[in-house]
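For reference, positions follow the sequence shown, starting with 1.
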Amino acid sequence: MVSAADRAKGPARTSVWLDGKTTPKRRPEQPAGLDRDKITAATVRLLDSEGLAKFSMRRLAAELNVTAMSVYWYVDTKDDLLELALDSVMGELRLPSPDEEGGDWRDQLRQLAVGYRRLLVAHPWVSPLIGEYLNIGPRSMQFSTTVQHVIRNAGLPLHGRTGALAAVFQFVYGFGTVEGRFAQRCAAAGIGQDDYFRQVMGTIGQQPELREAFEESAELMKARGGDTVEEMREKDFEFALDLLLAGIEAMGARA
């Protein structure tokens with residue numbers, strides 16, 4: 001356990017995965033029945049149910065029925081714990097085997113993109129944390145390595161592979177983040193996503209200064225199809241992902 005004074009005097013924080021304390025040894029004075037895995041799992045549950053803004057070490061300790069000081073036997077800072085939680089949920093992703101005989105990189109990249117989107121929606125607190133931490137935990141690194149192996153099979157030149165991955169996964173990050181936030185907003189308002197969408201669109205349609213843009217948007221949405229927010233989302237996501245995969249395939253064929 002590191003005191004607040006020691007933390008203040010120490011060097012700038014990098015990552016919990018670089019401090020050599022990812023597998024702390026239990027000491028006699030530490031509470032029985034508690035370990036880092038249990039603390040991390042409780043952190044994920046709290047973040048899912050209450051959100052990132054309400055999360056605190058004190059709230060976590062109450063959830064575990066221990067003192068806040070007991071938690072600090074296992075993690076030095078709240079940042080460390082959030083980083084552990086972030087890597088923990090990355091383990092929910094089902095990863096394909098890029099070297100599997102007969103495997104198609106398009107199907108594998110689609111699987112990874114769909115899974116990543118699902119993760120962002122299921123855990124909305126992940127989005128803001130992804131840009132805040134190094135994400136070099138074992139599960140995150142396994143995901144990154146798999147993605148790199150998959151894109152290797154697309155036939156792209158070496159210098160273009162990172163750009164292709166950025167196109168796919170930054171798109172998925174933005175799409176999944178907006179989707180997760182919309183679901184959160186509807187839940188907070190106590191209203192279904194379809195009802196919320198209809199109310200918003202109805203209100204916008206009544207504003208004279210927005211009518212022209214609204215009519216053009218309505219025409220686009222009608223052409224796209226979909227009777228529910230979920231159906232409309234799926235159509236947009238699938239088509240956008242198809243465009244990206246087709247672009248990668250075309251660039252690979254030109255290489």
Could you walk me through whether Leu60 and Val71 satisfy the side-chain contact (heavy atoms from CB on, under 4.5 Å) test, starting with their C-alpha distance in whole Å, then the side-chain angles of each, then the deciding distance to 0.1 Å, before giving a yes or no? CA-CA 8 Å; Leu60 173 63; Val71 178; 4.1 Å; yes
Can you list the steps and then say if Asp236 with Phe175 is a side-chain contact (heavy atoms from CB on, under 4.5 Å)? CA-CA 10 Å; Asp236 286 342; Phe175 197 100; 4.3 Å; yes
Heavy-atom closest pair, residues [X] and [Y]:
X      : Y      : value
Ala42  : Glu63  : CB-CG, 4.5 Å
Val150 : Pro98  : CG2-CG, 3.9 Å
Ser15  : Glu83  : OG-OE2, 2.6 Å
Asp48  : Ala122 : OD1-O, 4.0 Å

So, the side chain of [X] versus the backbone of [Y]: is there a donor-acceptor pair under 3.5 Å, distance only?
X      : Y      : answer
Lys78  : Phe55  : yes
Asn135 : Ile130 : yes
Ser70  : Val66  : no
Thr146 : Gln142 : yes
Ser144 : Ser140 : no
Gln108 : Ser97  : yes
Glu231 : Asp227 : yes
Ser49  : Arg45  : yes
Tyr74  : Leu34  : yes

Shared ILVMFWY cluster between [X] and [Y], side chains joined below 4.5 angstrom?
X      : Y      : result
Leu82  : Leu18  : yes
Leu134 : Tyr173 : yes
Leu220 : Phe214 : no
Val89  : Met141 : yes
Phe143 : Val121 : no

Presence of salt bridge, [Y] and [X], under 4.0 angstrom:
X      : Y      : value
Glu234 : Arg117 : yes
Glu238 : Arg110 : yes
Arg198 : Asp195 : yes

Looking at [atom1] of [X] and [atom2] of [Y], how far apart are the two atoms once the value is rounded to the nearest 0.5 Å?
X      : Y      : atom1 : atom2 : result
Leu158 : Arg161 : CG    : CZ    : 5.0 Å
Ser217 : Glu215 : OG    : CD    : 10.0 Å
Gln170 : Leu244 : CD    : CG    : 11.5 Å
Leu84  : Arg139 : CG    : CZ    : 9.5 Å
Leu95  : Thr145 : CG    : OG1   : 9.5 Å
Met57  : Thr67  : CE    : OG1   : 11.0 Å

Would you call [X] and [Y] a side-chain contact if the rule is heavy atoms closer than 4.5 Å?
X      : Y      : result
Thr177 : Val126 : no
Trp105 : Leu156 : no
Phe182 : Val229 : yes
Glu216 : Met221 : no
Cys186 : Phe197 : no
Leu245 : Glu249 : no
Arg224 : Met232 : yes
Ile248 : Leu109 : yes

Go through the structure and list residues passing side-chain hydrogen bond (donor to acceptor under 3.5 Å, both in side chains) with Glu50, not counting sequence neighbours.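 Glu50 satisfies side-chain hydrogen bond (donor to acceptor under 3.5 Å, both in side chains) with Arg59 only.
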Stepwise side chain to side chain donor-acceptor pair (under 3.5 Å) check, Asp99 with His149: CA-CA 8 Å; Asp99 299 322; His149 287 177; 5.0 Å; no
With side-chain contact (heavy atoms from CB on, under 4.5 Å) as the criterion, how do Tyr72 and Thr77 come out once you've worked through the C-alpha distance, each side chain's angles and the decisive distance to 0.1 Å? CA-CA 7 Å; Tyr72 282 111; Thr77 68; 5.7 Å; no
Heavy atoms of other groups near Glu209 CD, more than 12 under 6.0 Å: yes
Going through the checks in order, is the side chain to side chain donor-acceptor pair (under 3.5 Å) test met by Gln193 and Arg185? CA-CA 9 Å; Gln193 293 188 43; Arg185 179 176 295 181; over 6 Å; no
Any side-chain donor near an acceptor of the partner, Tyr133 and Asp87, under 3.5 Å: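 Checked: Tyr133/Asp87 side chains show no N/O donor-acceptor pair below 3.5 Å.
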Would you kindly say whether Gln207 and Thr203 are connected by a side-chain donor-acceptor distance under 3.5 Å? no
Phe171 and Phe237 aromatic ring geometry - parallel, tilted or perpendicular at 30°/60° bounds: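 Phe237 and Phe171: parallel rings.
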Between Val75 and Thr40, does the side-chain contact (heavy atoms from CB on, under 4.5 Å) criterion hold? Intermediate values first, please. CA-CA 10 Å; Val75 290; Thr40 302; over 6 Å; no
